[in-house]
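Note: hydrogens, waters and symmetry copies are ignored here, and every other heavy atom, side chains too, is used. Note that this is a predicted model, so its numbers are computed, not measured. In each ligand, atom 1 is the first atom listed, and ligand 1 is the first ligand listed.
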Amino acid sequence: MVMQTDPIDDILAGKQLAIARMISRAERNDAGFREQLAALYAFTGKAHIVGVTGSPGSGKSSLVRALAQAARSQTAKINHSKDTHQKIGIVAIDPSSPFSGGAIMGDRIRMNDIANDEGVFIRSMATRGALGGLARAALDAVDVLDAAGYDLIFIETVGVGQDEVDIARAAHSVIVVSAPGMGDDVQTIKAGILEIADIHVVSKCDRPDANKTINELKSMLLLAMPDHSKWQPPVMPTSAQSGDGIHALLGQIDAHRKWLNETGEMTNRQTQIAESRILKRAEEMLRSRFTLNRNGFAATLIEKVAKRQMDPYAAAIKFFDEGEV
Ligand SMILES: Nc1nc2c(ncn2[C@@H]2O[C@H](COP(=O)(O)OP(=O)(O)OP(=O)(O)O)[C@@H](O)[C@H]2O)c(=O)[nH]1
Ligand SMILES: [Mg+2]
């Protein structure tokens, strides 16, 4: 007989298979996973969570991968011991999913791939078919990694759409990536994501047109009239291909983390994140409750509202009060 081990114990012990399974269950919104996630939640709150967002193709995945590799080698240098490496988690909401397939990285990174590194856990989540539960599932995945002892967790999302911006905002430090030659400056402003940046990155700085983007971004940020009592988001040039600026960016992430802790701003962020997570979960629950009632109790309400026999507000209240749970 094979002994069944407790998935919670396995996750807390950092076993990757158990972690992967739990994330899949969160993605599928499996019955019964909620109790397990609830049990894990008590063990979260130790990781530093970094949101990475920006236009499609701006180099987010390449950047995160380079950061993960740099963070791993950095702690290796400091500690001279394999056991004390910083563990890195990556959750990518990645429409083109280069983490699982595409050959996109510079040679330097490909040679020494983090995919074979036990201390790095990478998970891509599909946007397709997530039915609004994407943000909730992605943040559940971050919880699983946090509980499993991952110290630094990156969460990559394209900065398009409210759900994706909300995911990035649920991080402690938010990186907004702009790439040269994409008209990214205009795109990011349109999506309203420049203002959520704690750190700006201009990616692909091995390219000759990178300086133009850096200057454009800097002058745009001057116009934003910064409040000098607050954190001043730096503009960091990086190249995932050459590795330039990657260690400096890690340094800025660390500086931001320290700033959050020293000023007490971390507490505010935690409160904001908690609020947004309750709201996301409640939204999802409300939607699935509506779906459950769609052909039953709600059908009567829908018909009455359509025929102007009841107003939508009264129907919503009635649904809340009397709908099947
Ligand atoms: N020259 C250069 N190209 C880069 C660099 N980083 C990424 N790229 C290229 O930019 C393209 C997109 O890179 P990704 O890392 O997949 O970008 P992404 O933002 O994750 O893309 P999506 O997840 O699809 O939005 C690929 O063709 C990469 O090879 C870099 O540092 N220098
Ligand atoms: Mg990507």
Pick from Val64, Thr157, Asp206: the one approaching atom 32 (N) of ligand 1 most closely through a non-hydrogen atom: Asp206
Hydrophobic cluster membership, Leu37 vs Ile11, 4.5 Å side-chain cutoff: yes
Ser61 neighbourhood, listing ligand 1 atoms whose heavy-atom distance to it stays under 4.0 Å: 15 (O), 18 (P), 20 (O)
Leu63 N/O to ligand 1 N/O under 3.5 Å: no
Numbered atoms and elements of ligand 1 in range of Gln241, under 4.0 angstrom, heavy atoms: 1 (N), 2 (C), 30 (C), 31 (O), 32 (N)
From Arg123, Arg21, Arg136, residue fulfilling salt bridge (Lys or Arg N to Asp or Glu O under 4.0 Å) relative to Glu27: Arg123
Check: Glu156/Ser61 side-chain N/O donor and acceptor closer than 3.5 Å: yes
Heavy-atom donor-acceptor pair, Asn293 side chain to Glu324 backbone, under 3.5 Å: yes
Pair Asp198-Ser173, side-chain donor/acceptor within less than 3.5 Å: no
Those atoms of ligand 1 less than 4.0 Å from some heavy atom in Ser58: 19 (O)
Ser61 near the Mg ion (ligand 2): N/O/S under 2.8 Å: yes
Arg65 near ligand 1 by a heavy-atom separation under 4.0 Å: no
Donor-acceptor contact present, side-chain Gln232 to main-chain Lys230, <3.5 Å: yes
Atoms of ligand 1, numbered as shown, that sit under 4.0 Å from any heavy atom of Pro56: 25 (O)
Numbering as shown, the atoms of ligand 1 that approach Val158 to under 4.0 Å (heavy-atom distance): 25 (O)
Ligand 1 contact by Gly57, heavy-atom criterion under 4.0 angstrom: yes
Shortest non-hydrogen contact from Gly45 toward Asp146: N-OD2, 2.8 Å
Sub-3.5 Å N/O-N/O distance, Ala240 and ligand 1: yes
Atom indices of ligand 1 within 4.0 angstrom of Ser239 heavy atoms, with elements: 31 (O)
Contacting atoms of ligand 1, where contact means under 4.0 angstrom from a heavy atom of Ser62: 6 (N), 7 (C), 13 (O), 14 (P), 15 (O)
Ring centers of Phe319, Phe297 separated by less than 6.0 Å: no
Asp166: salt bridge (Lys or Arg N to Asp or Glu O under 4.0 Å) partners, not counting sequence neighbours: Lys280
For the Mg ion (ligand 2): the N/O/S atom of Glu156 at shortest distance: OE2
